[in-house]
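Here the structure is laid out as structure tokens; the discussion comes afterwards.
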Amino acid sequence: IDVICDNEAKIISKIHDKDVRLEKAEEIDSIIPGTEKMEHRPVVIGFGPAGIFAALTLARKGYKPIVYERGESVDKRTETVEKFWKSGELNLESNVQFGEGGAGTFSDGKLTTRIKDHRCTFVLDELINAGAPSEIKYESKAHVGTDLLKGVVKNIREEIKRLGGEVHFDSKLEKLSYENGKLKKIIVSGKEIPCEALVLAIGHSSRDTYEMLHKENVSMDAKAFAIGVRIEHPQELINISQYGENHKHPKLQAADYRLTYQSERLKRGIYSFCMCPGGVVVAAASEEGRLVSNGMSYHARDLENANSALVVTISPEDFEGDSPLRGMEFQRHYEELAFKLGGGNYKAPVQLVGDFLKDRISTKLGEVTPSYTAGYEFKELKDCLPSYVIDALKEGIYNFDKKIKGYEREDAVLTGIETRT
Ligand SMILES: Cc1cc2nc3c(=O)[nH]c(=O)nc-3n(C[C@H](O)[C@H](O)[C@H](O)COP(=O)(O)OP(=O)(O)OC[C@H]3O[C@@H](n4cnc5c(N)ncnc54)[C@H](O)[C@@H]3O)c2cc1C
């Protein structure tokens, strides 16, 4: 809670409580404009969270930015994604990773950030202005939900346009063009656009664009990430573990969890990630013949299952070669194995926890039904993940059962594979 009053320093000096401190007013408006007149309007590539807030900030400063987004507007994109989930027909430009709102549009909308930055307040205020519930301002684990998020994104897009900006969908950055070492133009879906100031807000899945940028000698580094599976339990099991005997109290919402474990034996971290209470496991592929899973929730978080990514750390030393894009090739390899294992058409390989721990294929479900949106096949997950990831997941599951009783229950469902943490 921020309290504003007169004589703050004097009051603080009288309160001897470590939880009460003087908060330095930070300069929110710390953007320093350039001194040369720009010939052209600035261009933002991508309309996920990074692109949205870059464009909004530029628009507020009077720069009238032009945004190009390879995917569709959020309403058209929703139809395209739902069609993919039903038929397996993947649109390579507009999908769960690409399109208005970015990768998190079909998500739990958890407002997760591990940074402490005064601009977080700006982001929350803008989300509320655009229609997000006001409690996100004070809830410790705020979430918006995919249903509300879509309206919020549209409202921010309209605000950028009202301020003189432009937002173009179905428009992909394909090439950069320089003169004397300076950016002069860009090619967007075959059209030349004069450009001297470019913001690349392209997320982590636009692999063709990364390849193009690498060819253009844009400097880049390989990064550590994590891969694994989605795990599903009955939401009630998580509620009982977290809330105890009060778990049915009407004021309590679906409980979440966050688990981490460091394996000394394997020298790897295993952790839960993007936990979605009362949510759904979604097919989140963005490339043909490669399978990716993820999770989302609606604002009410009232579905039967709790799901979370269960992932193992991977560092650049795990990849072969020295290209900065080798992590991407590593992801592609395992996504392809998972696609083939699921039998094609973006069905996911699924194994029950009891069978996974005993290295055998599952033959029937227990009480937990996989919620994965594009169908599933019983398969052994060891056939689509590295053996060190399988070993680490097993160790993690045993350990997490000590923290959440029933975590390793026989009929909990594992869905492969999660690669885009
Ligand atoms: C299903 C799912 C659920 C998630 N749930 C959560 C959650 O609950 N909470 C959370 O904090 N995080 C969540 N995440 C992660 C979160 O979505 C990302 O951290 C976030 O979206 C990153 O923002 P970004 O703007 O950097 O990139 P992105 O959101 O990936 O946006 C990049 C945009 O750039 C566009 N683009 C890429 N290349 C080009 C090009 N060449 N030309 C034009 N446009 C291009 C893409 O189409 C995309 O829309 C989730 C992710 C997924 C996939």
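Counting starts at 1 for both ligands and their atoms, following the listed order. Position 1 is the first residue of the sequence, and the numbers go up from there.
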| field | Short side-chain donor-acceptor distance under 3.5 Å, Arg420 and Ser286 | value | yes

| message | Less than 3.5 Å apart, any donor N or O on the side chain of Glu395 or Tyr261 sitting next to an acceptor on the other? | response |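 Indeed, the side chains of Glu395 and Tyr261 share at least one donor-acceptor pair under 3.5 Å.
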
Show every donor-acceptor pair shorter than 3.5 Å between a side-chain atom in residues 188-202 and any protein atom, with sequence neighbours excluded, or say none if there are none.
{"residue": "Ser189", "atom": "OG", "partner": "Lys172", "partner atom": "N", "Å": "2.8"}
{"residue": "Glu196", "atom": "OE2", "partner": "Glu39", "partner atom": "N", "Å": "2.5"}
{"residue": "Glu196", "atom": "OE2", "partner": "His40", "partner atom": "N", "Å": "2.7"}

| query | Does CD1 in Ile1 sit with more than 12 non-hydrogen atoms of other residues, nucleotides or ligands closer than 6.0 Å? | reply |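 No, CD1 of Ile1 has 12 or fewer neighbouring heavy atoms, counting only those of other groups under 6.0 Å.
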
| How are the rings of Tyr68 and His168 set to each other: parallel, tilted or perpendicular (split at 30° and 60°)? | parallel

Quick one: table the atom pairs, ligand 1 N or O against protein N or O, below 3.5 Å, distance rounded to 0.1 Å.
{"residue": "ligand 1", "atom": "8 (O)", "partner": "Gly109", "partner atom": "N", "Å": "3.3"}
{"residue": "ligand 1", "atom": "8 (O)", "partner": "Lys110", "partner atom": "N", "Å": "3.0"}
{"residue": "ligand 1", "atom": "9 (N)", "partner": "Lys110", "partner atom": "O", "Å": "2.8"}
{"residue": "ligand 1", "atom": "11 (O)", "partner": "Lys110", "partner atom": "O", "Å": "3.1"}
{"residue": "ligand 1", "atom": "17 (O)", "partner": "Gly104", "partner atom": "N", "Å": "2.9"}
{"residue": "ligand 1", "atom": "25 (O)", "partner": "Pro49", "partner atom": "N", "Å": "3.2"}
{"residue": "ligand 1", "atom": "25 (O)", "partner": "Ala50", "partner atom": "N", "Å": "2.8"}
{"residue": "ligand 1", "atom": "29 (O)", "partner": "Ala103", "partner atom": "N", "Å": "2.8"}
{"residue": "ligand 1", "atom": "34 (O)", "partner": "Ala201", "partner atom": "O", "Å": "3.4"}
{"residue": "ligand 1", "atom": "38 (N)", "partner": "Ser206", "partner atom": "OG", "Å": "2.6"}
{"residue": "ligand 1", "atom": "41 (N)", "partner": "Leu173", "partner atom": "O", "Å": "3.2"}
{"residue": "ligand 1", "atom": "41 (N)", "partner": "Thr209", "partner atom": "OG1", "Å": "2.8"}
{"residue": "ligand 1", "atom": "42 (N)", "partner": "Leu173", "partner atom": "N", "Å": "2.9"}
{"residue": "ligand 1", "atom": "44 (N)", "partner": "Arg70", "partner atom": "N", "Å": "3.0"}
{"residue": "ligand 1", "atom": "47 (O)", "partner": "Glu69", "partner atom": "OE2", "Å": "2.5"}
{"residue": "ligand 1", "atom": "47 (O)", "partner": "Gly99", "partner atom": "N", "Å": "3.4"}
{"residue": "ligand 1", "atom": "49 (O)", "partner": "Glu69", "partner atom": "OE1", "Å": "2.8"}
{"residue": "ligand 1", "atom": "49 (O)", "partner": "Glu69", "partner atom": "OE2", "Å": "3.2"}
{"residue": "ligand 1", "atom": "49 (O)", "partner": "Gly99", "partner atom": "N", "Å": "3.3"}
{"residue": "ligand 1", "atom": "49 (O)", "partner": "Gly99", "partner atom": "O", "Å": "3.1"}

| note | Met220 and Tyr210 have their tightest heavy-atom pair at CE-O, 3.7 Å

